[in-house]
Amino acid sequence: MEQLLYLSALFDIYGALLTEKQQECLKMHLFEDFSLSEIGEALGISRQAVYDNIHRSERAMESYEEKLGLVARYQRERRELSGISASIAALRNAENAPAVDAVLRRLSPLLGNGQEV
């Protein structure tokens with residue numbers, strides 16, 4: 001499961017750098033949970049070609065990550081913002097609740113959690 005989440009994160013950042021066929025294969029594999037046979041049938045290629053395509057795509061994205069580190073940076077930033085958000089929430093009291101809630105509402109879209117304050 002952790003590998004699937006990691007590959008999804010790689011795809012979110014680096015997916016646009018892949019070929020159209022690689023993107024299609026990975027979307028079906030990662031997000032639609034298609035089998036290799038189902039992907040092959042949908043794209044008109046063999047099951048082996050789908051397997052090779054997916055693994056080539058994964059290696060390419062991992063190579064991009066080794067060089068650029070964007071996924072790791074994004075994950076670090078999200079952890080830091082979550083910590084900041086929790087610290088700010090802990091400061092809420094009766095006097096500053098509206099101001100604290102306003103700051104937390106501004107942080108919420110950056111965290112992507114969609115949580116209401």
Side-chain angles (χ1 to χ4, degrees):
M1 182 62 151
E2 189 173 313
Q3 178 68 11
L4 181 65
L5 292 174
Y6 178 67
L7 288 175
S8 294
L10 287 176
F11 186 77
D12 288 344
I13 301 289
Y14 304 114
L17 301 175
L18 301 173
T19 67
E20 189 173 323
K21 188 156 286 203
Q22 288 173 324
Q23 289 176 26
E24 291 175 33
C25 282
L26 278 175
K27 282 179 189 175
M28 287 187 237
H29 178 66
L30 295 173
F31 306 123
E32 298 175 29
D33 199 29
F34 280 25
S35 69
L36 298 180
S37 297
E38 291 170 321
I39 297 169
E41 188 176 312
L43 299 177
I45 58 177
S46 71
R47 184 180 177 282
Q48 183 64 45
V50 172
Y51 177 86
D52 292 342
N53 202 340
I54 289 171
H55 285 279
R56 219 178 358 258
S57 301
E58 290 173 2
R59 284 193 306 273
M61 291 187 305
E62 288 169 349
S63 174
Y64 297 143
E65 178 60 15
E66 284 177 23
K67 293 174 186 163
L68 302 172
L70 298 176
V71 172
R73 178 181 173 181
Y74 175 75
Q75 291 171 340
R76 280 192 310 274
E77 289 173 355
R78 296 260 317 196
R79 281 192 300 273
E80 188 65 26
L81 284 171
S82 292
I84 291 168
S85 181
S87 296
I88 292 170
L91 296 173
R92 180 188 292 124
N93 61 38
E95 294 174 8
N96 68 9
V100 168
D101 291 345
V103 171
L104 292 174
R105 275 192 299 277
R106 291 178 61 198
L107 280 173
S108 184
L110 299 173
L111 292 169
N113 58 16
Q115 294 177 339
E116 291 296 318
V117 179

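Keep in mind it's a predicted model, so treat the numbers as computed, not measured.
For Glu77, the CD atom counts as densely surrounded, since its 6.0 Å shell holds more than 12 non-hydrogen atoms of other residues, nucleotides or ligands. Heavy-atom contacts from other residues, nucleotides or ligands closer than 6.0 Å to CZ of Phe34 number more than 12.
Rounded to the nearest 0.5 Å, atoms CD (Gln22) and CD (Glu58) are 11.0 Å apart. Here the CD1-OG distance, from Ile13 to Ser8, works out to 12.0 Å after rounding to the nearest 0.5 Å. One distance of note links CZ of Phe31 with CG of Leu7; it measures 9.5 Å at 0.5 Å rounding. One distance of note links CG of Asp101 with CD1 of Ile88; it measures 11.0 Å at 0.5 Å rounding. Note: Glu24 CD to Glu32 CD = 10.5 Å, rounded to the nearest 0.5 Å. Taking NE2 of His55 as the reference point, atom SG of Cys25 lies at 11.0 Å (rounded to 0.5 Å).
Residues Lys21 and Ile45 form a side-chain contact, since some pair of their non-hydrogen atoms from C-beta on lies under 4.5 Å apart. The shortest side-chain heavy-atom distance between Val71 and Met61 does not fall under the 4.5 Å cut-off. By the 4.5 Å heavy-atom criterion applied to side chains, Ile54 and Leu36 are counted as neighbours. Within the 4.5 Å cutoff, no side-chain heavy atoms of Arg76 are placed close to those of Glu80.
Without hydrogens or angle criteria, Ser87 side chain to Gly83 main chain gives a donor-acceptor distance under 3.5 Å. Of the possible polar contacts, one joining the Asn96 side chain to the Asn93 backbone as a donor-acceptor pair under 3.5 Å is found. Within the 3.5 Å criterion, the main-chain N or O of Gly15 finds a donor-acceptor partner in the side chain of Gln23. Remark: the backbone N or O of Asn53 is paired with a side-chain donor or acceptor of Ser57 at under 3.5 angstrom. A donor-acceptor contact shorter than 3.5 Å is absent between the side chain of Tyr64 and the backbone of Leu10. Counting only distance, with no hydrogens or angles, the side chain of Glu65 and the backbone of Ala72 share a donor-acceptor pair below 3.5 Å.
The shortest non-hydrogen separation linking Ala60 to Leu18 is CB-CD2, 4.2 Å. Between Leu104 and Arg92 the shortest heavy-atom distance is CD1-NH2, 3.4 Å. Here the closest heavy-atom approach between residue Glu95 and residue Pro98 is recorded as O-CD, 4.3 Å.
The same ILVMFWY cluster, assembled from side-chain heavy atoms under 4.5 Å apart, contains both Leu17 and Phe11.
Looking only at atom types and distance, the side chain of Tyr74 has a donor-acceptor partner in the side chain of Arg78 under 3.5 Å away.
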Item to check | Worked check of side-chain contact (heavy atoms from CB on, under 4.5 Å) between Met28 and Val50 | outcome: CA-CA 11 Å; Met28 287 187 237; Val50 172; over 6 Å; no

